[in-house]
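One structure below.
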Amino acid sequence: MTSAPALEVERVSHAFGARKALDDVSLVAPSGAFTALLGQNGAGKTTLFSLVTRLYQNASGAIRVEGFDVRRTPSQALARLGVVFQARTLDLELTVMQNLQYHAALHGIGGREARGRARALLERFGLADRAGERVRSLSGGQMRRVEIARALLHGPSLLLLDEPTVGLDIGSRRALLAETRRLIAEDGVGVLWATHLVDEIEAADGVVALHQGRVAFSGDVAGLKAQGGADDVGAAFLALVEPGASRGHAA
Amino acid sequence: MSRTAAPRALTLRGYAISLWGVVWREGLRFVHQRGRFLSALVRPLVWLFIFAAGFRATLGVSIIPPYETYVLYEVYIAPGLIAMIQLFNGLQSSLSMVYDREVGAMRILLVSPYPRWHLLVAKLLAGVAVSLLQVYAFLLVAWFWEVRPDSSWGYLTVLPALVLSGLMLGAMGLAMSSLFKQLENFASVMNFVIFPMFFASSALYPLWRVQQSSVLLYDICRFNPFTHAVELIRFALYGQVEWTSLAVVAGFAAASLIAAVIAYDPSAGLTARRGGPGGAR
């Protein structure tokens with residue numbers, strides 16, 4: 001086990017033309033912990049994810065996955081990273097197993113080992129009997145679970161999830177959260193969970209609040225409540241990002 | 001249960017596995033898209049059965065290399081139609097890149113720890129593999145229509161030419177795909193690219209005929225890389241190498257591939273400028 005945190009973002013700024021999407025953002029997602037990246041739409045969450053996943057390069061600052069710089073050692077960084085994008089990224093016409101095998105191959109895992117890993121993960125997510133079915137026939141919640149299983153295939157130490165519960169019903173949302181928290185407890189992965197839904201955050205979680213490309217708060221839930229001067233996370237968050245807004249409303 | 005990490009070092013075996021994975025997925029997708037296969041096959045067959053038959057009488061083709069006797073017009077345009085299959089396929093797989101990027105599958109490809117150039121080459125080879133299936137299906141139908149090379153060896157000797165021309169047309173499409181963000185844009189580009197390239201080439205008429213009517217058009221045809229893809233295939237079908245075309249096709253393939261790798265490079269590339277929400281700038 002290394003001592004480096006699962007994810008370390010240090011003074012990252014990024015601009016699209018004249019518009020600054022991220023402005024001097026620093027945050028840490030420790031290993032074996034749930035860190036919520038809280039922000040409203042357009043706060044910069046997806047831009048941050050794009051930079052961590054190296055879709056484009058960070059213009060300034062540094063991003064490290066388990067100590068490996070995304071820019072200087074991209075292969076090592078990406079090998080330690082599992083990601084669930086906001087948009088669904090499964091091949092609908094292919095079976096669950098074929099989707100997982102494709103992803104394993106992209107990480108250099110082939111043949112029997114790939115199938116073995118895929119089966120173990122599907123078992124774990126309660127999808128073992130769906131392995132041979134086309135993804136198209138799955139429900140939204142099941143697809144998300146397949147995507148998480150896929151992100152875990154190569155045994156990453158950091159799991160990024162970009163608003164994974166969008167479009168899911170309450171039951172699927174709860175199940176997905178519970179499964180993710182179980183992963184943290186059992187495997188010690190670090191999770192960065194982007195969301196705008198404050199009820200997904202628990203008392204023990206780390207919270208990073210992003211607003212208009214800047215870090216508005218970084219710390220634990222108690223600290224967020226204290227700084228926002230409110231009893232619930234939603235009100236505290238709103239108080240931080242929109243000081244003039246009425247209190248008591250959940251984001 | 002605890003997680004088992006993947007091998008962290010990029011091994012040669014890993015390169016091979018990831019390459020195979022990309023080709024395998026493209027093949028599976030192709031099998032599921034029967035409509036795509038059918039239209040890829042029907043398009044050149046319409047040209048062969050209807051267009052060529054109609055123009056057989058009008059367009060006389062004199063004896064020009066590699067042909068040693070008078071050939072039917074159908075025989076003359078077959079290499080052009082093969083190249084057309086590959087042109088469509090090359091642009092269609094780039095279209096799928098644009099589409100992929102929108103639904104996010106491209107992002108899954110690009111978070112692989114293997115280098116970008118390797119992933120793009122893998123994607124390219126996958127497209128070439130699919131185009132080979134289409135071309136040989138076409139050649140099979142053409143055989144029944146008695147459009148055949150003078151020796152059956154032609155089916156084998158044409159293979160390396162097909163791989164190279166497939167690479168060139170695919171790389172060209174790949175380089176272009178990085179420039180277009182929206183499918184609508186790309187569709188119009190297909191019209192602006194496919195038709196001029198196809199018609200201003202030696203696919204449908206020998207260049208000496210073009211020269212008779214317009215010297216300018218003749219020059220355009222000569223500098224059109226598609227002409228060289230067609231000629232490379234035409235000579236290879238007869239077991240011969242057209243060296244100029246080989247050089248042009250190889251050179252243009254390399255140049256397009258380099259352009260595509262640069263375009264998809266996260267720091268120097270266009271994705272950095274174009275990737276922003278709302279497509280800023």
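Order of the sequence lines fixes the chain letters, A, B, ..., with proteins taken first and strands second; residue numbering starts at 1 for each chain. These values consider heavy atoms only, across backbone and side chains, with no hydrogens, waters or symmetry-generated copies.
Neither the backbone nor the side chain of A:Arg182 comes within less than 4.5 Å of any heavy atom in chain B. For a residue to count as touching a neighbouring chain, one of its non-hydrogen atoms must lie under 4.5 Å from one of that chain's; by this rule B:Leu109 touches chain A with backbone and side chain alike. Neither the backbone nor the side chain of B:Val31 comes within less than 4.5 Å of any heavy atom in chain A.
Here B:Trp24 and A:Tyr102 keep their ring centres 6.0 angstrom or further from each other.
The line from CZ of B:Arg43 to CD of B:Gln134 is 8.5 Å long, rounded to the nearest 0.5 Å.
Between A:Arg134 and A:Asp91 there is no salt bridge, since no side-chain nitrogen of the basic residue lies less than 4.0 Å from a carboxylate oxygen of the acidic one.
The closest donor-acceptor contact from the side chain of A:His107 to the backbone of A:Ala79 lies at 3.5 Å or more, if one exists at all.
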